[in-house]
Amino acid sequence: MKMKWGSKDKNTGESESVRCPKCGRVLDKRRVITHRYVCYMCGGYFRVRTNNRIRMVADPGSFEEWYATMPVSNPLNYESYEEKLKQVQEKTGLDEGFTVGKCRIFGEEAVVGVCDSRFMMASMGHVIGEKVTSAIERATKEKLPVFIFCCSGGARMQEGIISLMQMAKTAAAIKKHGEAGLLYATILTDPTTGGVTASFAMLGDVIMAEPGALIGFAGPRVIKQTTGEELPDGFQTAEFLLEHGFVDGIVERRVLKKILYFLIRSHQRTGKNSWADFDEKGFGDILSSLVGTHITFGKKKSAWEKVKSVRKIERPSAFDYMESIFDLFVESHGDRCYGDDGAIVGGIGFIDSQPVTVIADIKGSSAAECVMRNFGMPMPDGYRKALRLMKQAEKFNRPVISFVNTAGAYCGAEAEKRGQGEAIARNLMEMSALKVPVLCILIGEGGSGGALATAVGNEVWMLENATYSILSPEGFASILWKDADRAREASEVMNITAQDLKRLRVIERIVPEYGGATKETKHAIGLYLKERIKQFLKKYDGMEPEMIAEERYRRFRMY
């Protein structure tokens, strides 16, 4: 959204008002600036110039620009291209459409790059590609995280195939940066399209987007010209991408600097990070800053009774226990491929001073939520989201804590079309070799391969009334006895209780429920889990990554 200027002060010649490109209202310029270039009437986001972007996130006076000037590139000898560049440079005061350098964010060093749409829509030619690549290479050498504010109309047409090569070049540099265990994150702003979308914009460990930003590969105009197709309203917005699993969250400018600081601290491979440290700096408001993100700060029973109890909607969910275990949990979204499956939730949690990656099956605690989360039966998108986050945990040396509670993977035509079997199989293979500790806790139902897909751990625990089985008792009775009504009988012979599985050495620990998992006992269960999880983490502290993976391999090799 370009800032549209209105009336001017007669004495200074400065504009006093601006028109919001979203709602069309005439606004007071000073109030718009105070609101970080956000319309105070409708919340619409204006496009932001480079210097203002940097001021929003960098500590005052800390920004040190890198590669301020580079030789003009005209690889195709395109007529009048140099003159066009010179005109835009004079008009904008920019050398190119991308500025990058090192700064401090609440004292933490980071590399920040900004695309500026005023310079030929920040289209990516050789100079921008070289700046992005050189900055990431230098960040890799200096072991610094990288944040890039993306905005672009795509490839620089005047540079033809050389522009196209920048996509591969930047992606290769990001790969090397990632192999060094360093954080690369992007903030997608309006608009982010074309070759930038298909390269460095969508390769972040964390991908954020500003509200309402246009994001896509082919823009609406190109799609209409090529296919004649009119895109529906809201089709290529940040909100659309969040729903379809391509971004982790939508971030508001008012808390953006705090979000970047949190990401730096929570993705450091060494050292301990305490949520108390964030809280002391007044960071409580990041808890609601990522739109669409969930954040939280007896009598012996028969097997059949346990089956029925774990299926009850009122049985506590992973969220209930996480409130007592973690000081903070921030959710990540999407599989970067198709969608954001609500049946599996994942993100970063802090247990005392240690960040961990959390994966959790969620069934839902109301009828509406159960439908939204598909009753806790994951689609392939859910398993791929979980795997993406577990591989990220390995990169940043974070242990993985997985809460398992699912009747099984969703079985249906849509799941089959998206590759349900392949998604589960790949999770099993990749989890088996993760070079960080993995703890899996069955808190309710553990149904078949759908449960195992997030339960390949160094240790596996079960709540005392949880169940874990090859399939449901109804399915077992139907297959073996051709009579689903014999489910109660099947549950007794299947050896599906925690006590059965401890005897079979399938699990290492039975977690007490203090008479049964309810809203009254969830806090006590959570505190029990917290202390044992801390012991688990201490056990693996300092162990060689290869030994952690080998121990998990041997655990499953014995069956």
Side-chain angles (χ1 to χ4, degrees), residues 1 3 32-38 45-68 94 97-119 122 131-132 135-136 138-139 142-152 177 182-190 192 196 200-201 203-213 215 238 247-268 273 277-278 281-291 293 330:
M1 301 177 186
M3 183 170 281
V32 169
I33 294 172
T34 301
H35 283 76
R36 297 178 176 84
Y37 302 94
V38 178
Y45 272 48
F46 288 84
R47 293 177 185 171
V48 177
R49 296 183 178 187
T50 297
N51 289 340
N52 294 329
R53 282 277 185 210
I54 293 169
R55 275 196 291 268
M56 286 182 191
V57 298
D59 292 350
S62 70
F63 185 76
E64 169 197 324
E65 187 173 357
W66 291 351
Y67 315 112
L94 299 170
F98 181 73
T99 300
V100 67
K102 181 169 68 172
C103 69
R104 290 188 301 276
I105 299 174
F106 290 112
E108 295 284 343
E109 284 193 333
V111 174
V112 172
V114 180
C115 297
D116 195 317
S117 62
R118 294 176 299 153
F119 198 105
K131 279 192 173 189
V132 171
I136 293 171
R138 184 168 173 180
E142 297 189 21
K143 296 180 169 52
L144 294 174
V146 176
F147 298 97
I148 293 184
F149 289 86
C150 302
C151 172
S152 180
H177 186 262
L182 298 167
L183 172 66
Y184 173 72
T186 56
I187 305 94
L188 311 184
T189 73
D190 183 73
T192 302
V196 167
F200 64 85
L203 292 175
D205 297 301
V206 177
I207 303 175
M208 297 162 280
E210 289 196 327
I215 305 163
V247 300
D248 286 291
I250 298 171
V251 65
E252 300 174 10
R253 285 178 187 164
R254 65 182 179 85
V255 291
L256 180 57
K257 183 175 180 178
K258 294 178 181 180
I259 289 290
L260 300 192
Y261 174 76
F262 170 79
L263 291 173
I264 294 170
R265 293 292 304 277
S266 60
H267 287 78
Q268 289 171 339
N273 299 287
D277 178 55
F278 298 130
K281 289 182 170 64
F283 279 32
D285 53 357
I286 75 167
L287 296 181
S288 58
S289 62
L290 288 175
V291 177
T293 292
V330 180

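Note that this is a predicted model, so its numbers are computed, not measured.
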Atom CD1 in Ile54, atom CZ in Arg49: separation rounded to 0.5 Å?
-> 13.5 Å
What residues form a side chain to side chain donor-acceptor pair (under 3.5 Å) with Asp59, not counting sequence neighbours?
-> Lys257
Might you work through the side chain to side chain contact (heavy atoms under 4.5 Å, CB included) test for Lys102 and Glu142, ending with a clear yes or no?
-> CA-CA 10 Å; Lys102 181 169 68 172; Glu142 297 189 21; 3.4 Å; yes
Check for a donor-acceptor pair, side chain of Ser62 on one end and backbone N or O of Ala58 on the other, with a separation under 3.5 Å.
-> no
Take atom CZ in Arg118; do more than 12 heavy atoms of anything else shown fall under 6.0 Å from it?
-> yes
For Cys150 and Cys115, which heavy atoms make the closest approach, and how far apart are they?
-> CA-SG, 4.1 Å
Which atom names give the shortest non-hydrogen contact between Leu183 and Leu263, and what distance separates them?
-> CD2-O, 3.6 Å
From NZ (Lys131) to CD (Glu65), nearest 0.5 Å | 6.0 Å
Take Phe149 and Val48, measure what side chain to side chain contact (heavy atoms under 4.5 Å, CB included) needs, and give me the verdict at the end.
-> CA-CA 10 Å; Phe149 289 86; Val48 177; over 6 Å; no
From CG (Asp116) to OG1 (Thr50), nearest 0.5 Å | 3.5 Å
Under 3.5 Å, is there a donor-acceptor pair between the side chain of Ser152 and the main chain of Val196?
-> no
Compare every heavy atom of Ala135 with every heavy atom of Trp66, then report the nearest pair and how far apart it is.
-> CZ3-O, 3.7 Å
Do the side chains of Arg47 and Thr189 get nearer than 4.5 Å, heavy atoms only?
-> no
Give a yes or no on whether the backbone of Phe200 and the side-chain of Tyr184 come within a donor-acceptor separation of less than 3.5 Å.
-> yes
Pairwise distance CG(Leu182) to CD1(Ile136) - rounded to 0.5 angstrom | 11.0 Å
Nearest heavy-atom pair of Val112 and Phe63: which atoms, and what distance?
-> O-CE1, 3.9 Å
Can you find a side-chain donor-acceptor pair between Tyr45 and Asp190 that sits under 3.5 Å?
-> no
Is a donor on one side and an acceptor on the other found under 3.5 Å between the side chain of His177 and the backbone of Arg138?
-> no
Nearest atoms (heavy-atom pairs only) where Ala238 meets Gly212 = CB-N, 4.2 Å
Test side chain to side chain contact (heavy atoms under 4.5 Å, CB included) on Lys258 and Phe262 and set out the steps.
-> CA-CA 6 Å; Lys258 294 178 181 180; Phe262 170 79; over 6 Å; no
Side-chain donor or acceptor of Asp248 paired with backbone N/O of Ile207 under 3.5 Å = yes
When rounded to the nearest 0.5 angstrom, what is the spacing between CD1 in Ile187 and CD1 in Ile250?
-> 14.0 Å
Check: Thr186 side chain, Ala201 main-chain N or O, donor-acceptor pair, under 3.5 Å | yes
Dump the intermediate steps for side chain to side chain contact (heavy atoms under 4.5 Å, CB included) on Arg36 and Leu256, then the final yes or no.
-> CA-CA 11 Å; Arg36 297 178 176 84; Leu256 180 57; over 6 Å; no
Exam field: side chain Arg253 to backbone Tyr37, donor-acceptor pair closer than 3.5 Å | yes
Rounded to the nearest 0.5 Å, how far does CG of Leu203 lie from CD1 of Ile148?
-> 10.0 Å
Nearest heavy-atom contact between Val32 and Phe46 is CG1-CE1, 3.9 Å
Show your working on salt bridge (Lys or Arg N to Asp or Glu O under 4.0 Å) between Glu210 and Arg53 and close with a plain yes or no.
-> CA-CA 13 Å; Glu210 289 196 327; Arg53 282 277 185 210; 2.8 Å; yes
